[in-house]
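Structure first, commentary second.
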Amino acid sequence: MGIVTPGFRGRPRPSGPELPPGQYLTEDFPVLSAGPTPRVPMDRWEFVITTETSREHRWSWTDLMALPSDTPTVDIHCVTKWSKLGTTWQGVSLDTLMSDVDTAADYALVHSYGGYTTNLPLSDLLDGRAWVAYRFDGDDLHPEHGGPARLLVPHLYFWKSAKWVRGIQLRFDDEPGFWESAGYHDYGDPWREQRYQGD
Amino acid sequence: MPEQLDLGPHLDGNALAGPLREIFAVDVTAATSRCAACGQAGALAGLHVYASAPGMVARCPSCEEVVLRMVRTPDAAWLDLRGAVALRIPM
């Protein structure tokens, strides 16, 4: 590592082959936030999956901790152009959370404490590609990074990995989320550089 | 559109060009907005703006609900004012 490393507003490094187009590498973990950081008492925290028939599946924090967890090491790519490689997390796979959920929905609208939302196809949450993550780099997930728990969907731009996740609404239709309704791409594949609508 | 609806005399959106150019050429931060969530009114300049994000998010200083969002893409600007009842722009 050089003496000077590019920060959030630093000079972009040229993209290497391991980076999606237009991204630069960062070693730190920039904090992006569209509002105040919600503080949820752990005894009131819950995660709820609501099906298209309004059936609710709920997990308290204790319930979540009792589930088997994964420790994925993944690259993350923010639409503001920084990428961070080899990040280590701990969380519960959405495959585990969805295992007893009966649904015919094609889409998911993710809700967060604080009101944030983001949408994605339900299939992108399955097959070992998404987690409700509660530890980062060996420590409890800090609130500024979405703790106590955030969604982790590393194969899409990181705005899809909703901080402070509180639930997922399963839907037949694709309802745009917070950034998707204000110019950002509906899907957000970093390798196809799907930053904005029309990309 | 209902079949019996009489639209009456109207213009297309191009008629907005002059008036909107006049509005957005001024410093809108002096305008007063009313929060659609809690009703608090105040100058746009008094909103809480979160800019370390994929866009700018301006929130009501009273209830912290989103009043205004703005996203700048390479070829467009997106302005979402659904969190504001109206803007009063001094002229």
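Residue numbers start from 1 in every chain, and the chains themselves are labelled A, B, ... in the order their sequence lines are given, proteins ahead of strands.
Here the closest non-hydrogen pair linking Arg59(B) and Ala34(A) is NE-O, 2.8 Å. Closest approach of Ser33(A) and Tyr50(B) over heavy atoms only: O-CB, 3.5 Å. Here the closest heavy-atom approach between residue Gly55(B) and residue Trp179(A) is recorded as N-CH2, 3.2 Å.
Tracing side-chain contacts under 4.5 Å through hydrophobic residues (I, L, V, M, F, W, Y), one reaches Ile168(A) starting from Val92(A); they form part of the same cluster. Linking Ile, Leu, Val, Met, Phe, Trp and Tyr whenever their side-chain heavy atoms come within less than 4.5 Å leaves Met70(B) and Phe178(A) in two separate clusters. Criterion: ILVMFWY side-chain heavy atoms under 4.5 Å apart, direct or through other members. Under it, Leu152(A) and Trp82(A) are part of a common hydrophobic cluster. Hydrophobic clustering (ILVMFWY, side-chain heavy atoms < 4.5 Å, transitive): Val132(A) and Tyr113(A) are in one cluster. Using a 4.5 Å cut-off between side-chain heavy atoms of Ile, Leu, Val, Met, Phe, Trp and Tyr, with links allowed through other members, Leu120(A) and Leu170(A) fall into the same hydrophobic cluster.
Of the listed residues (Gly115(A), Gly198(A), Ser181(A)), the one with the most heavy-atom contacts under 4.5 Å to chain B is Ser181(A).
Interface residues of residues 78-86 of chain B toward chain A, defined by a heavy-atom distance below 4.5 Å and sorted by number: Trp78(B), Arg82(B). Within residues 35-48 of chain B, no residue has any heavy atom under 4.5 Å from a heavy atom of chain A.
Of the atoms belonging to Val49(B), not a single heavy atom falls under 4.5 Å from chain A.
Ser52(B) places none of its side-chain heavy atoms less than 4.5 Å from the side chain of Val31(A). No side-chain heavy atom of Thr73(B) sits under 4.5 Å from any side-chain heavy atom of Tyr184(A).
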* Asked: What's the verdict on side chain to side chain contact (heavy atoms under 4.5 Å, CB included) for Asp75(B) and Tyr196(A), showing C-alpha distance, side-chain angles and the deciding distance?
  -> CA-CA 10 Å; Asp75(B) 59 1; Tyr196(A) 306 108; over 6 Å; no
